[in-house]
Amino acid sequence: LRPFWLALAFSCGFLAAAFEAARRRLLKEPYAVLWIGVGLAMLALSLSLPLRLLDRVAHALGVIYGPNLLFVAALLFSFVLQFHLTVVVGRLAERTTRLAQELTLLRADRQEQKP
Amino acid sequence: VGERLLVIVPAYNEAPVIASVVTRIRQALPEARTLVVSDGSTDDTAVRARQAGAVVAELPVNLGIGGAVQTGYRYALRHGFDVAIQIDGDGQHDPAEVGRLLAPLRQGRADLVVGSRWLGRGEYVAPMGRRVGMHLLAAMVRWRTGQPVTDTTSGFRAAGPRAIRLFAHHYPADFPEVESLVLARRHGLRLLEVPVAMRPRAHGRSSIAGLRSAYYMARVGLALVVDAVRGESA
């Protein structure tokens, strides 16, 4: 039964951390919801351990070893998330560039006006 | 003619040579305004350029050559310049050659004029590996523009009003020379190459050497392929 308690403890800890980060606004809006959702999913999964829910779903999908389903799902989730984040980083970089350029041009104009 | 000329000089830590570059530009083109874009330089580039009589735009962070040059084009657009000339801050482009770049613009034969080392003037000789790379780039640019361009990586250029407007809004960030040609062509701008003499750079060395050239080729090649896939939509 030890894995059950470990999983439960980790899920609760993660959920608490996500809540706290959201409360302190370390996590911004869409991502706060995302991580709290992930925390809730982990908690649900942990609580369902005694019901062997994961194994049943895995078998229903034709996956022989239950945890593999979990690994695949987690990996896909990470891929999609990282893809999304690189898109976001690119957009941020573009905005930073534009801001730096605008600031620079304003400063150059001011410099010219008071030689 | 009453046209207003801006010379854009992107410079990253070029303090040892920037004053002489600016001075030579001002001697060759007394009617032009010289804008040195210091790309987050950590040395005296900005101070020395200002002392030499340039207007200086100091980027607070290093944006890379593309971001720096685009700052210049945005300045040109905002202040209503008719022609923007790009001259590297390291002294390898001779401002006395600018007239050759300007002629086709003034005759209305082109929107973007590129100074080429390979069309006969000057004795610039590139090492073997670099020549291969340059031929490859030339082939790629020809594929995308349907036009032969010999010196695709030349940063010695003159841009007319249409090119200024385009580049103020869209300019590639990292290795912009090659991609900007394709970009210009795709937006219907007329490209023209003219022969110019270039000198060996006054100090420092090419930012693109050794393994980095392979990386450069891969990045530029990929950028052109992505551009091709993007097609006419952008």
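Within every chain, numbering begins at 1; the chains are lettered A, B, ... in the order of the sequence lines, protein sequences first and strands thereafter. FYI, side chains are in, hydrogens and waters are out, and symmetry mates aren't considered; it's all heavy atoms of this structure.
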Q: Answer yes or no: does atom CZ of A:Phe19 have more than 12 heavy-atom neighbours from other residues, nucleotides or ligands under 6.0 Å?
A: no
Q. Above 12 or not: heavy atoms from other molecules or residues under 6.0 Å from CD1 of A:Ile64?
A. no
N/O donor-acceptor pairs between chain B and chain A, cut-off 3.5 Å:
| from | atom 1 | to | atom 2 | distance (Å) |
| --- | --- | --- | --- | --- |
| B:Arg33 | NH1 | A:Glu112 | OE2 | 3.1 |
| B:Glu58 | O | A:Thr104 | OG1 | 3.4 |
| B:Glu58 | O | A:Arg107 | NH2 | 2.6 |
| B:Gly67 | O | A:Gln101 | NE2 | 2.8 |
| B:Gln70 | OE1 | A:Gln101 | NE2 | 3.2 |
| B:Arg74 | NE | A:Glu102 | OE2 | 3.3 |
| B:Arg74 | NH2 | A:Glu102 | OE2 | 2.9 |
| B:Tyr75 | OH | A:Glu112 | OE1 | 2.8 |
| B:Tyr75 | OH | A:Glu112 | OE2 | 3.4 |
| B:Arg78 | NH1 | A:Glu102 | OE1 | 3.1 |
| B:Arg78 | NH2 | A:Glu102 | OE1 | 3.1 |
| B:Arg78 | NH2 | A:Glu102 | OE2 | 2.9 |
| B:His79 | NE2 | A:Asp109 | OD1 | 3.0 |

Tell me, for [X] versus chain A, whether the close heavy atoms (under 4.5 Å) come from the side chain, the backbone, both or neither.
X	value
B:Val56	backbone
B:Leu59	both
B:Ala46	neither

Q) So how far is it from B:Leu77 CG to A:Leu105 CG, rounded to the nearest 0.5 Å? A) 10.5 Å
Q.
So, using salt bridge (Lys or Arg N to Asp or Glu O under 4.0 Å) as the criterion, who are the partners of B:Asp88 when residues are at least two apart?
A. none
Q | For the student: nearest non-hydrogen atoms of A:Ala100 and B:Pro60, plus distance | A | O-CD, 4.1 Å
Q. Considering residues at least two apart in sequence or located in another chain, which fulfil the side-chain contact (heavy atoms from CB on, under 4.5 Å) criterion with B:Asp44?
A. B:Ala15, B:Arg48
Q | For chain A, which residues of residues 154-163 of chain B have heavy atoms nearer than 4.5 angstrom | A | none
